[in-house]
Amino acid sequence: MSAYILTLLTASLAAAVVELLSPSGEGGRVAAHVRMIAGLFLLVTLLQPLGEGIRVLKSALSGDVAGRVEAWLPQPPEGDYRAVLLDSLAALSGEQVEAWVKETLNEVFSIPPEGCVAEVRCLSEGTDIRLQELRIGLREGYSTRDPHPIEDYFSEQLGCPCYVTVLF
């Protein structure tokens, strides 16, 4: 719609400039002809979308609706957005799991959220999203903890490999 309005404004401006630059001629006849031509130019510009609508209507009445649907329905952007949506859902699921991991580390292992970093990698296969791995980084004050019970606990709970590392 904005392209149509821009075209209409440009046509109006062009018609006004042509009318201003045209000579007045004998008795104003040339100016009247220029105004008439500029008016016809604007009328054609105004009616241009109507011509496309009439073509679509004719093809619809002749039974060729399927071939002309793209002329009157908005088309989705190109690309497969299923993968984008699944990646977004995987990221959101990963963030929720990371929050749960930090909460569980605090409750079960007495490691506060500021003492660790959790990173979950999710994998989307078809329409399924599953956890691929969990990485937990322990900050300096908690780096002396035995990582094996933490790895075993989360691997059992989440069904994916868990790796505990020390952050410096």
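Counting begins at 1 with the first residue of the sequence.
- Contact annotation: the side chain of P161 approaches that of Y163 to within less than 4.5 Å [non-hydrogen atoms, C-beta and beyond].
- Taking 4.0 Å as the cut-off between side-chain N and carboxylate O, R121 and E133 count as a salt-bridged pair.
- Annotation: side chain of T7 is not in contact with side chain of L9 (no heavy-atom distance under 4.5 Å).
- The two residues C116 and L138 come nearest to each other via the heavy atoms CB-CD2, 4.2 Å.
- Counting heavy atoms from C-beta on, the side chains of V117 and R139 come closer than 4.5 Å.
- The side-chain heavy atoms of I150 and I111, taken from C-beta on, include a pair separated by under 4.5 Å.
- Using cut-offs of 30° and 60° on the angle between ring planes, the pair F154 and F109 is tilted.
- Taken to the nearest 0.5 Å, the CD atom of E119 stands 7.0 Å off from the CD atom of E98.
- Going from atom OH of Y142 over to atom CG of L105 covers 11.0 Å, rounded to the nearest 0.5 Å.
- Linking Ile, Leu, Val, Met, Phe, Trp and Tyr residues whenever their side-chain heavy atoms come within less than 4.5 Å leaves V34 and F41 in two separate clusters.
- Using a 4.5 Å heavy-atom cutoff, the side chains of W100 and Q157 are in contact.
- The hydrophobic cluster containing V108 also contains L134, counting ILVMFWY residues as joined when their side-chain heavy atoms lie under 4.5 angstrom apart, directly or transitively.
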